[in-house]
Number of protein chains: 2
Amino acid sequence: MSSMAPGRTPTMRDVAAHAAVSPMTVSRTLRGDPRVSPEMRARVLASVEALRYRRNDLARGLRTGRSSGLLGLVVTNLSNPFYSELALGVEGLASVNGMRVVIGNTGGDVDRERQLVDDMASRRVDGIIVVPAGNDHAHLDPAGLHGLPVVLATRPPTGLDVDCVVVDDFGGSRSATAALVAQGHRRIGFLGLGRSLWTGAERLRGHCAALEEAGLPVEDALLRSVAPDAGAAEAVALELLAADDPPTALFAANNRNTVGAYRAIAETGSPAALAGFDDLPLADLFAAPISVVTYDTGEVGRRAAELLLERIADEEPPAHARLVTIGTTLKRYRPLRGPG
Amino acid sequence: MSSMAPGRTPTMRDVAAHAAVSPMTVSRTLRGDPRVSPEMRARVLASVEALRYRRNDLARGLRTGRSSGLLGLVVTNLSNPFYSELALGVEGLASVNGMRVVIGNTGGDVDRERQLVDDMASRRVDGIIVVPAGNDHAHLDPAGLHGLPVVLATRPPTGLDVDCVVVDDFGGSRSATAALVAQGHRRIGFLGLGRSLWTGAERLRGHCAALEEAGLPVEDALLRSVAPDAGAAEAVALELLAADDPPTALFAANNRNTVGAYRAIAETGSPAALAGFDDLPLADLFAAPISVVTYDTGEVGRRAAELLLERIADEEPPAHARLVTIGTTLKRYRPLRGPG
DNA sequence: CTGTTAGCGCATTCAA
DNA sequence: TTGAATGCGCTAACAG
């Protein structure tokens, strides 16, 4: 029964001293080693409780050479519901495996992404899930990170051989445009993303595929790229709707574009139909109907974590990088109607 | 110039061997110690680059006795935009101070909260921000965590003396109800939260205060508590609207209740006005007008992180726990109108 | 300016 | 069944 400096976090030695045993007995007891006699075990646990001792996982990890038990998660914008659900998915699967998640927000800045990945590698995370901000993925190559497992989410790797989880951007876009065509629309305006982004290219490709499959022409005048905010999308949509021969429907390639397009349609009183990629949660409360391409965002995170955990666990990693595609669903929102 | 086992993460010794210097020189170089000659520095850095060496922050922290550089963040539901913005706020301030954030999601389960806090304490995080799931906060007491700083967000501590950041639930509710009163409403239905929750109690209190200040009676028949999902809220709202002398307006105490109330009003074609606590982002696209109590959710996270970082930095902690209240704004959403 | 010794908190390996 | 030495990767504190 010895005392201890106040305010200091107790160590195993403190517990050992308190219980009048060797540190090893404390260590074994806490590890659940069966070779500890019940009396010793009880004495140690009493001291542990008395001192409110908590084993230092950092020091433990250092000695065992085992991992930190941390997964890194680097996203572009955590406040975007998409990424927060993705984060929740990752956290859930990590927790089941006794791991925690360290988050980093890049704000779309590649330099910051580089710096975050570097920092996490220094913290010896067991693996990293990244939603890449740009197209240069060189700093994400496990080869340059001593084999640290990396999984990309939302965008496929360029120049890297790493696992990846993406949404079926092509298929989702195609089905949305096909649905508009099925409703009789023959001139459909497209509010796209930057063509340099993989996601943007795929969604455009899906849109065009649906048109071609319907025997409709792909008119350049109806295809627009939009800066990534709803205001810009609204301006572009207004321009499309003001044309001599305006489109009778719009397809917006992401949620911000969809919101902008919706506003343009509402303001001008245009009868144009609207479809968009990404869900808009309370769209059934909107004044006008809208179709959206939805997908399970949490599933993206869960699958990414799954791939990462496999890489971490496997002695011999899979020979080739794996690509998981998350399917999409076309969802129609119709305004609520009163009984009258 | 010595070689190294492949696939292994290099250590300082590896770098030292590669550069043919002592580990201390490597350590000093990486620390930026000015007492290293330029030639040595260059030689070391060359080896560092050649081996793609990255200092092990865990071992470093162990030796320096310094902190892990991690902040714990325990929330009830990360997929809720409120908490993801809070998380973003915390992450931002942490990053500025060179720290990372470890997240944990409780799903509202107090046992899981306990376990997460315990785990994070074992990982030697420098402090924890918690959105408590329940009213029992005993396990969050720094006294039981060897002085580990704790800051509560959204809900004030019960039985603890810790810093806290809350939203002005009382003031926000009062202003929302006051606005309805100013519009001429004299019978206002209230869709509240559980009375046991602090947030719920405060929002009810604010509502009642506004009524009393206007000389209006607080009628029990108009006050309801709702289970925490939109469907239940809708049912309760329908019941209120179906009364003999129905309320001419509803005030819902959180976003889910607001959505339920909105649906009830839309379905019945009721002319009742609607106000609610918590923002509903795209409410200007809704068919009917709505007022909401908004607040800067990111600010909640930033202030919480601020308080926590102060506690971590200060040798002598503030004598008393501090309470920060984040103000609210009443925001009116009006449906978009076409030019016609 | 550079190297040596020692130890952070813990767990493996060996001895008793 | 328990304890003593040794070292994980890194850096204070001291030599030189």
What's touching nucleotides 13-15 of chain C from the protein side, N or O pairs under 3.5 Å?
none

Taking only the side-chain nitrogens and oxygens of B:S27, find out if one of them lies under 4.0 Å from OP1 or OP2 of D:dT11. yes
Decide yes or no, distance alone: a donor-acceptor N/O pair under 3.5 angstrom between the base of C:dG9 and the side-chain of A:R13. no
Among side-chain atoms of A:S95 and B:R112, is any donor-acceptor pair under 3.5 angstrom? yes
Of B:L62 and B:M40, the one whose closest DNA chain C nucleotide lies more 5': B:M40
Between C1' on D:dT11 and CG on B:D57, what's the gap in Å once rounded to a whole number? 13 Å
What pairs with B:S79 under side chain to side chain donor-acceptor pair (under 3.5 Å), at least two apart in sequence or on another chain? B:N77
Using the side-chain heavy atoms of B:T25, tell me which of these nucleotides is nearest: D:dC10, D:dA4, C:dG3. C:dG3
Side chain to side chain donor-acceptor pair (under 3.5 Å) involving B:S67 - partner list, sequence neighbours excluded: B:D126
In whole Å, what is the span from the CG atom of B:L58 to the C1' atom of D:dT11? 15 Å
Can you see if the side chain of A:S22 gets near the phosphate of D:dG3 - specifically, an N or O under 4.0 Å from OP1 or OP2? yes
Spacing between B:D33 atom CG and C:dC1 atom C1', to the nearest angstrom: 10 Å
Out of curiosity, A:L88 CG to A:L93 CG, how far, rounded to the nearest 0.5 Å? 11.0 Å
Pick the closest DNA chain C nucleotide for B:S37 and for A:M12 by heavy atoms, then say which residue is nearer the 5' end. B:S37
Rounded to whole angstrom units, what separation is found between the CZ atom of A:R43 and the P atom of D:dT2? 9 Å
Side-chain contact test, heavy atoms from C-beta onward, threshold under 4.5 Å: evaluate it for B:V324 versus B:E306 and give yes or no. no
State whether A:R114 and A:D118 are salt-bridged, where the test is any N-O pair (Lys NZ or Arg NE/NH1/NH2 against Asp/Glu carboxylate O) under 4.0 Å. no
B:R322 atom CZ, neighbour heavy-atom count above 12 within 6.0 Å: yes
Ignoring the backbone of B:R55, work out which of C:dG9, D:dC10, C:dA11 is nearest its side chain. D:dC10
Check the phosphate of C:dG9 against A:R60, side-chain N and O only, distance under 4.0 Å to OP1 or OP2. Yes or no? no
Look at the side chain of A:R63 against the base of D:dG7 and say whether a donor-acceptor pair falls under 3.5 Å; ignore hydrogens and angles. yes
For atom CZ of A:R31 and atom P of D:dT1, their distance in whole Å: 17 Å
Whole-Å distance between D:dG9 P and B:L30 CG? 16 Å
How close or far is atom C1' of D:dG9 from atom CZ of A:R123, stated in whole angstroms? 16 Å
In whole Å, I'd like the distance from the CG atom of B:N56 to the P atom of C:dC10. 17 Å
Should A:Y53 be listed as having a side-chain N or O under 4.0 Å from OP1 or OP2 of C:dC10? yes
Lys/Arg-Asp/Glu bridge criterion (N-O < 4.0 Å) met for B:D33, B:R31: no
